[in-house]
Amino acid sequence: MTDTAYPSRPARRAPGAACLLLAGLMLLPAVARAQVSAPSLPSRTTTSTAPAAPAPTTAAPSGPSGGIPALNAGDMISTSRAGSATAAEGGPIAVGPIGEPGRRAGPATVVFGASLFTRGSPAASDTPNPNYTILPGDRVSITVWGFVEASVVTTVDVDGNIFIPQVGPVRVAGTRAGDIQRLVESEVRRVYSQQVQVYAVLLSAGQVGVFVTGQVRTPGRHLGSASESVLDYLARAGGVDPGRGSYRDIVVNRGGRPVARIDLYRFLLSGELPRITLQQGDTILVPAQGAMVGADGAVRNNFLFEVTGRTMPGSELIRLAAPLPSATNAVIRGTRNSQPFSRYTTIRELAGVQLMDQDVVTFITDSPPATVRVSVEGSRIGPSVLIADRDTTLCTLLDYVAVDPILANTRGIFLLRPSVAAQQARVINEAMDRLERQLFLTISPTTGVAEVRASEAQLVSSYISRARRTQPEGRLVVMDRGGRCADVRLEDGDVIVIPERVQTVLVSGEVTAPQAIIWRPNMTLQDYIRQAGGLAERGGDNQLMIRRASGELILEPTEPPQPGDELIALPRLDPKNFQLTRDLLNLIFQSALSARVFAN
């Protein structure tokens, strides 16, 4: 390890304040901290340099081969905690695919296959595809040049023939549109064996009328080309009704008998569609919808799926829904014997379950992660992200963070924890709610007191509005005054902040000239106040507070600040003139004390 330090990011610091109600604003960030006291911890000091082996890496795996060492038998944290998920592990979650971050949570509402018919009704095409089979009524263009020249556009008669001058009738019915050139050319060369060129093409296929009925939006007779597919005629009929029609058993009837059955799921999943040339008078029947099973949660296909029979094997739903790799379990909800039914299974067990009509299966992740991701900010050497076992503690992990002992303030290390920030935000909002109730419901005994309270109410309302916009940083004080770390268990998303060592003390609050002052070992509290211009009008000698670099707050300090500390002169308030403000400060202090923020 070398003694070179990477450029560090400054540790986050809550702002101070320096006016009457700014006392509340100054103390409010103090509510947004929590302190882990460590009076009973073993006498362990945080090392300021990384151990020689192993070197810090972005991942700190557990095990005998290296990384974060396994916990001893005497440690309070155990990895065997069946059924007792911690706040960091949380409960089951259901996340959508990364390609669809805005997916609405909840059961599926769209039938798989309904998107086939969201476009408009297609117009009948005059250009047949090469696989189209020529029928009576189709038009064919023939051009002959060379020894003999001729050009004719003819229609296939009812016998399936076309007439070519000087050649005679040629039967083309039943021939593929792509083969018409070869057929006509061979017939012409049978009469004119040489010096004759032939070009033949099917101009257009005759329109046929096909009946589309059953569970479609606009049943009836629809005109189109015989070369068009069943999908085109279904689209002209408005598509399959997603609430009533079947996508999996569409029947094409001809002469009263079925000639094809179509499963649109095969087309959607693998592109398979039966090749069938529709004829005049054919009927496309869409029967009633079969059983439906829904899939939601950690799946790629969040749809309602139709069942071909009365039940659907869970393995088929897994194939259709495509669960995400993170899915470990499934919750089945439905009805059995006219009674509500639910079942909790693993993905493997789900494959053998028979799902019934109207069942809903929610795929979830119900396995706590084996590791946590922790970031390191401030004065450090090496990586800023560490991956560790979920039972790793702060003191253990700090052994793998390399720092420069000259630049890093290892006694001021603190944590920024998202879960603590959320709790602190809730505490602040609850405190503001109580303050608002007190503001509007307090009864004034006299008119004079009422006037004072009315003037104070505007000021307090402004403070409440500003306080509600406060974003707690979730600071967790983890170092005691002796520089020992609290062996707190790390959570995913924690940020370890290592402040840089400084030689100044910031004096703020009710002083004449707030500023940073060079620390000297023989200076007292009053010396720092004097160098900041002395106390302001509302300042008081007994209203001082020290905020350590670690975030620890010391009220009524008896010792001078240390390098990197902040000395705050709190405002002195007259309770006779500012009754509501005194109540405001009492409320803030009570909230802070309930969060165990202050240390005497």
Side-chain angles (χ1 to χ4, degrees), residues 108 110-125 128-135 174 176-177 205-295 301 303-313 315-317 319-322 355 357:
V110 179
V111 177
F112 184 65
S115 58
L116 279 172
F117 306 107
T118 54
R119 60 185 176 92
S121 176
S125 172
N129 63 58
N131 294 320
Y132 169 68
T133 301
I134 298 175
L135 298 173
R176 290 175 63 252
Q207 288 193 332
V208 297
V210 176
F211 295 96
V212 184
T213 186
Q215 308 301 324
V216 292
R217 289 190 173 95
T218 55
R221 184 174 181 267
H222 297 274
L223 294 176
S225 171
S227 64
E228 293 182 294
S229 69
V230 172
L231 286 176
D232 295 317
Y233 284 93
L234 286 173
R236 291 191 178 96
V240 177
D241 190 324
R244 301 179 296 119
S246 172
Y247 289 83
R248 310 208 62 179
D249 191 25
I250 299 173
V251 184
V252 179
N253 292 320
R254 182 174 298 162
R257 293 184 300 175
V259 295
R261 289 185 177 272
I262 301 171
D263 184 354
L264 292 182
Y265 279 21
R266 291 188 176 182
F267 171 72
L268 290 167
L269 298 174
S270 58
E272 298 180 17
L273 194 65
R275 292 183 178 180
I276 178 173
T277 301
L278 295 172
Q279 298 181 6
Q280 182 75 23
D282 284 354
T283 300
I284 301 174
L285 174 63
V286 178
Q289 187 180 81
M292 300 292 290
V293 175
N301 297 324
F303 293 106
L304 299 171
F305 297 97
E306 185 178 352
V307 181
T308 52
R310 298 184 58 184
T311 62
M312 172 186 285
S315 56
E316 182 179 356
L317 181 67
R319 180 179 64 88
L320 294 173
L355 303 173
D357 186 23

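Note that this is a predicted model, so its numbers are computed, not measured.
- Between the NE2 atom in His222 and the CG atom in Leu234 there is a gap of 9.5 Å [rounded to 0.5 Å].
- Inter-residue side-chain proximity for Leu116 and Phe267 is flagged as met; some heavy-atom pair is nearer than 4.5 Å.
- The heavy-atom pair separating Glu228 from Leu278 by the smallest distance is O-CD1, 4.2 Å.
- Using a 4.5 Å cut-off on side-chain heavy atoms (C-beta onward), Gln289 and Gln215 make no contact.
- Expressed to the nearest 0.5 Å, how far CG of Asp263 lies from CZ of Arg248 amounts to 4.5 Å.
- In plain terms, the two heavy atoms of Ser246 and Val286 that are nearest each other are O-CG1, 3.5 Å.
- Here the side chains of Arg221 and Leu223 are in contact, with some heavy-atom distance below 4.5 Å.
- Contact annotation: the side chain of Leu285 never approaches that of Ile250 to less than 4.5 Å [non-hydrogen atoms, C-beta and beyond].
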Give the C-alpha distance, both sets of side-chain angles, the deciding distance and a yes or no for salt bridge (Lys or Arg N to Asp or Glu O under 4.0 Å) between Asp249 and Arg261.
-> CA-CA 6 Å; Asp249 191 25; Arg261 289 185 177 272; 2.9 Å; yes
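- Here the shortest heavy-atom pairing between Pro242 and Val111 reads O-CG2, 3.4 Å.
- Asp241 contributes no side-chain N or O that, together with a main-chain N or O of Arg217, makes up a donor-acceptor pair within less than 3.5 Å.
- For the pair Asn301 and Arg319, the minimum side-chain heavy-atom distance is 4.5 Å or more.
- Nearest approach of Leu304 to Gly294, heavy atoms of both residues: CD2-CA, 3.6 Å.
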Using the side chain to side chain contact (heavy atoms under 4.5 Å, CB included) rule, take Val259 and Asp282 through it: C-alpha gap first, then chi angles, then the decisive distance, then the call.
-> CA-CA 10 Å; Val259 295; Asp282 284 354; 5.7 Å; no
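- Side-chain atoms of Ile262 and Ile284, non-hydrogen and from C-beta on, never get closer than 4.5 Å to each other.
- When all heavy atoms of Phe112 and Leu268 are compared, the pair lying nearest together is CE2-CD1, 3.8 Å.
- Atom CE in Met312 sits 6.0 Å away from atom CG in Leu317 (nearest 0.5 Å).
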Could you please spell out the steps behind the salt bridge (Lys or Arg N to Asp or Glu O under 4.0 Å) verdict for Arg244 and Glu306?
-> CA-CA 11 Å; Arg244 301 179 296 119; Glu306 185 178 352; over 6 Å; no
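- Taking all atoms of both residues into account, the shortest heavy-atom contact from Ala321 to Ala295 is CB-CB, 3.7 Å.
- The backbone N or O of Gly209 sits less than 3.5 Å from a side-chain atom of Gln280, completing a donor-acceptor pair.
- With sequence neighbours excluded, the residues satisfying side-chain contact (heavy atoms from CB on, under 4.5 Å) with Thr283 are Phe211, Thr213, Asn253.
- Looking at heavy atoms from C-beta onward, Val307 lies out of side-chain contact with Thr311 at the 4.5 angstrom threshold.
- A donor-acceptor pair is defined here as one N or O able to donate and one able to accept, closer than 3.5 Å; such a pair exists between the side chain of Tyr233 and the backbone of Gly224.
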